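Note that the structure is a prediction, hence the values are computed from the model and not measured. The basis for the numbers below is simple: all heavy atoms, side chains too, and nothing from hydrogens, waters or symmetry mates.
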Amino acid sequence: MQQVILIVVAIILGLMTGKFTGGTTFSALVCVVAGIFLVTPSLFKFRLSDLSSIKDHMPSVGKNLWVNYLLLTSLALAIGYASQDIGIAAALFLLALLPGGGMVMMWIKQSGANVKLGFIIFMLNLILLLPVTLIFSQFQNIAGPFFPEPNLSAVGHIMSTKGIMPLAPFIILIVVPFVLSRIALKFFPAIVQFTGKHQQTISKTTMFGIVFYLFSLSTSQLLFEVSLLDLAKAFAATAAFYAVAIGAAIYFSDNSANDRAVFWHIATRYITLALILAVFNVDTFGASFILPIMIAYFIQMGSAGFLSRRQIENTG
């Protein structure tokens with residue numbers, strides 16, 4: 001609950017700061033910070049040999065793959081198409097492609113799920129980041145003819161980021177942290193020990209800073225420039241997507257420790273990473289593109305807290 005409150009406070013402070021200052025300019029360094037302080041510490045416990053245990057959990061791993069990357073992406077596209085807003089559709093598609101997230105391991109531990117399996121699935125989803133960004137980079141070309149042209153008038157004053165190279169997130173968030181973790185394990189065991197002792201504090205502080213920064217950006221201030229109709233449409237579409245995701249997580253999982261681990265990777269999304277990627281594409285899809293990802297923070301934080309308590313009560 002404490003981490004949920006910290007994130008909500010970071011969102012509110014970030015929006016207020018951006019509102020009164022006009023918003024800050026995006027820097028790719030935030031991706032580096034996320035990679036070093038959020039991803040690298042989790043990799044200290046990871047060995048390449050851990051991936052060999054995937055074969056022992058094929059039903060769970062297979063369920064994670066087909067529910068997230070086939071079922072939920074298809075339903076996200078259907079909800080997005082119903083909105084007839086390419087920005088909303090692109091945002092939901094991006095959220096569908098990014099299961100789990102920075103807080104997913106916390107939910108897994110709290111709910112009594114299989115932590116080792118949860119971590120294996122977490123790493124597998126991160127490894128899939130490269131094909132995910134490659135797929136998303138083609139969204140406008142494939143889906144564009146089925147939607148009205150996006151309204152880019154509200155983003156005219158936002159500095160263009162000229163898109164994002166699909167390989168960049170994979171290198172910054174996977175390759176670099178993995179290399180740093182191997183160097184630390186071999187040459188700097190004191191850093192590994194210190195990080196393990198204070199990982200929760202490091203994670204909370206980093207998450208607070210990143211969320212505050214992302215919501216203080218000039219792109220995030222588009223929230224105050226869209227119409228109430230667009231805001232309501234984005235909220236309805238995002239709520240529908242989460243209803244589908246949580247419904248699928250409940251339907252396709254039981255009360256076993258293994259299925260609980262899969263449950264959280266279906267019910268939650270990597271919204272912080274989605275918001276980082278969204279900054280690079282807001283001038284392509286319009287102001288509505290940022291809305292579902294921002295709204296996702298509030299829906300996911302509230303629902304995850306409730307679902308965690310529900311699973312704890314059902315333990316045993």
- Task: Could you check S303 against I246 for side chain to side chain contact (heavy atoms under 4.5 Å, CB included), going step by step and ending with a plain yes or no?
- Result: CA-CA 9 Å; S303 61; I246 294 172; 3.8 Å; yes
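- Taking OG1 of T195 as the reference point, atom CD1 of I202 lies at 4.5 Å (rounded to 0.5 Å).
- Scanning both residues, G87 and D85, for their nearest heavy atoms gives N-OD1, 2.8 Å.
- Residue F178 places its CZ atom among more than 12 non-hydrogen atoms of other residues, nucleotides or ligands, all under 6.0 Å distant.
- Using bins of under 30°, 30° to 60° and over 60° for the plane-to-plane angle, the ring pair F122/Y270 lands in the tilted bin.
- Between W107 and W264, the angle of the ring planes stays under 30°, which puts this pair in the parallel group of the 30/60° scheme.
- Dense packing is recorded around CD of Q84, with more than 12 heavy atoms of other residues, nucleotides or ligands lying under 6.0 Å away.
- Legend: residues meeting side-chain hydrogen bond (donor to acceptor under 3.5 Å, both in side chains) with Y213, ordered by chain and number and at least two apart, are absent.
- The residue from N68, V104, V262, L65 that alone fulfils the side chain to side chain contact (heavy atoms under 4.5 Å, CB included) condition with I121 is V262.
- Residues forming a side-chain hydrogen bond (donor to acceptor under 3.5 Å, both in side chains) with D259 (at least two apart in sequence, or on another chain): K63.
- Under a hydrophobic-cluster definition in which Ile, Leu, Val, Met, Phe, Trp and Tyr are linked whenever side-chain heavy atoms come within less than 4.5 Å, directly or via other members, Y251 and Y242 are assigned to the same cluster.
- Formation of a donor-acceptor pair under 3.5 Å by the T40 side chain with backbone atoms of G35 is found in this model.
- Using modelled atom types and a 3.5 Å distance limit, the side chains of N114 and R260 yield no donor-acceptor pair.
- I135 and I142 are members of different hydrophobic clusters when ILVMFWY side chains are connected at heavy-atom separations under 4.5 Å.
- In this structure, the separation between OG1 on T268 and CD1 on I299 is 13.5 Å, given to the nearest 0.5 Å.
- For F298, the CZ atom counts as densely surrounded, since its 6.0 Å shell holds more than 12 non-hydrogen atoms of other residues, nucleotides or ligands.
- One N or O on the side chain of T133 and one on the backbone of L130 form a donor-acceptor pair closer than 3.5 Å.
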- Steps toward side chain to side chain contact (heavy atoms under 4.5 Å, CB included) verdict (Y69, N125): CA-CA 10 Å; Y69 298 104; N125 289 336; 3.1 Å; yes
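- Listed by chain and number, the hydrophobic cluster partners of L185 are F44, V192, where partners are ILVMFWY side chains within reach of under 4.5 Å, directly or through others.
- Under the 4.5 Å side-chain heavy-atom criterion for grouping Ile, Leu, Val, Met, Phe, Trp and Tyr, L94 is not connected to L70 through any hydrophobic cluster.
- F136 and F285 have tilted rings, their planes meeting at an angle from 30° to 60° on a 0 to 90° scale.
- N258 and S256 share no side-chain donor-acceptor pair at under 3.5 Å.
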- Output, in order, the C-alpha distance, side-chain angles, deciding distance and verdict of side chain to side chain contact (heavy atoms under 4.5 Å, CB included) for F241 and L75. CA-CA 8 Å; F241 170 73; L75 294 173; over 6 Å; no
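- Within 6.0 Å of CZ on F252 lie more than 12 heavy atoms contributed by other residues, nucleotides or ligands.
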- Message: Assess the residue pair L98 and L129 against the criterion (side chain to side chain contact (heavy atoms under 4.5 Å, CB included)); give the C-alpha distance rounded to whole Å, side-chain angles, the decisive distance to 0.1 Å, and a yes or no.
- Response: CA-CA 8 Å; L98 296 172; L129 184 59; 3.9 Å; yes
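- Counting all heavy atoms, side chain and backbone alike, Y297 lies closest to I11 at CB-CD1, 3.5 Å.
- Taken together through direct or relayed side-chain contacts under 4.5 Å among Ile, Leu, Val, Met, Phe, Trp and Tyr, L128 and M58 form part of one hydrophobic cluster.
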